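Only a predicted model underlies this, so the values are computations on that prediction, with no experimental measurement involved.
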Amino acid sequence: MTYYSKVIGTGGYLPEKILTNEELSETVDTSDSWIYERTGIKSRRIAAADETSSSMAEIAARQAIEMAGIDPETIDLIIVATGTPDRVYPSTGCLLQKRLGVKHAVAFDIQAACSGSIFGLSIADQYIKSGTAKTVLVVGSEVCSRIVDWTDRTTCILFGDGAGAVLLTAAEEKGILSTHIHSDGEYEELLYCPTSTEQKAGYISMRGNEVFKVAVNTLGRIVDETLEANDLGQEHIDWLVPHQANSRIIAATAKKLKLSMDQVIMTLENQGNTSSASVLLAFNEGVRDGRIQRGQVVLLEAFGAGFTWGSALIKY
Ligand code: ACO
């Protein structure tokens, strides 16, 4: 029997506090027009002092569980993608497990920067296809605001906080059609965040312009790889759900797929780049507002530090 990973629930959470471009331009030398034209971002959400990746993950996860209508005890694997864990250990996955009271699941974190949710979907799919797990919760959750240098105008304009979740279960009908993940550690210096044990610890450092060029080329290639692996043409894709880093990068991928921007789920404008949370937040939005319909083919993709990149093709 071949099993597919079927999406049975999605969820998302954004903190209440909104930080606009105008507010940012009062603290760093920038402007709303510069930020919007170069990135597509107008505002982002900022976590409250008592919010963490696990607390936001819990809200998103509970929404996904409620949509699926399952007993949380049936979840047997929890994967949390985050670059901003509550603690170095225990993993945010274990902290989420405790919050959800899901005693029988195994839980762990993965770190693939902005590609984290795609890597999580890929791992979940391998577990389900092999029969090792039946029901898997994948969450991307980030408090990027805590690793942003708020005096650096080249990075602080980009990031936001939030959590996205998806619940998958083994099914005979089609679900995830394929996943494709890649990494190349050669690009470390273009985008990194030092640990607390390094000098100049804690803050994101990025050579944005160079990252931009690699991202556009790489995402073009992942689109080809995904379509070829499934023997599909561009016309078979109903929706593009991209990582929300920059509207110009997203537009280039949509163009490659010959999709109109109406077929792209965009959350960037009011969320900024929520790193590993962004793809699942966008997917959740498209599902909940009814744009993404059962039976449609959805291409999720992401690119991030590492570099890491990947895609998941889903028949929703
Ligand atoms: N406001 C005003 N001017 C600015 C700002 C700002 N906030 N930031 C930079 N500038 C200036 C620069 O200093 C530079 O000035 P100069 O020409 O006098 O030297 C000029 O604007 C152009 O800077 P660039 O870096 O070339 O601007 P660019 O058009 O590339 O836009 C951006 C920068 C938005 C960061 C873009 O490069 C980008 O989106 N890169 C990709 C980001 C990405 O995808 N990251 C991967 C995912 S994130 C992750 O994994 C954690």
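A donor-acceptor pair under 3.5 Å is formed between the side chain of Thr39 and the backbone N or O of Ile35. Looking only at distances, a side-chain donor or acceptor of Arg153 sits under 3.5 Å from a matching main-chain atom of Asp29. Formation of a donor-acceptor pair under 3.5 Å by the Ser55 side chain with backbone atoms of Glu51 is not found in this model. Proximity of a side-chain donor or acceptor of Asp109 to a complementary backbone N or O of Gly93 within less than 3.5 Å is detected.
Identified under the side chain to side chain donor-acceptor pair (under 3.5 Å) test for residues 64-74, with sequence neighbours left out: Glu73-His104. Within the structure, every pair that satisfies the side chain to side chain donor-acceptor pair (under 3.5 Å) test and touches residues 286-302, not counting sequence neighbours, is listed here: Trp239-Gln296, Asn284-Arg288, Asp289-Arg291. Residue pairs meeting the ring-ring contact (aromatic ring centres under 6.0 Å, His included) criterion with at least one partner in residues 287-313, sequence neighbours excluded, are His182-Trp309, Tyr187-Phe307, Phe303-Phe307. Among residues at least two apart or in separate chains, there is no ring-ring contact (aromatic ring centres under 6.0 Å, His included) pair with a member in residues 4-51. Listed by first and then second residue, the side chain to side chain donor-acceptor pair (under 3.5 Å) pairs involving residues 204-213 are Arg207-Glu210, Asn209-Lys213 (not counting sequence neighbours).
Tested against Glu142 for a side chain to side chain donor-acceptor pair (under 3.5 Å), the candidates Ser276, Ser53, Ser278 yield a single pass: Ser276.
Counted by atom type alone, Thr135 and Asp76 present zero donor-acceptor pairs between their side chains at under 3.5 Å.
With rounding to the nearest 0.5 Å, the separation of CG in Leu167 from CD1 in Ile8 is 4.5 Å.
A salt bridge does not link Lys17 with Asp161: every distance from a Lys NZ or Arg NE/NH1/NH2 to an Asp or Glu carboxylate oxygen is 4.0 Å or more. The pair Arg45-Glu16 does not meet the salt-bridge criterion, since no charged nitrogen lies less than 4.0 angstrom from a carboxylate oxygen.
Under the 4.5 Å side-chain criterion, counting only non-hydrogen atoms from C-beta, Gln97 is not in contact with Ser91.
Through direct or relayed side-chain contacts under 4.5 Å between Ile, Leu, Val, Met, Phe, Trp and Tyr, Val88 connects to Tyr89.
More than 12 heavy atoms of other residues, nucleotides or ligands shown are found within 6.0 angstrom of CD on Glu235.
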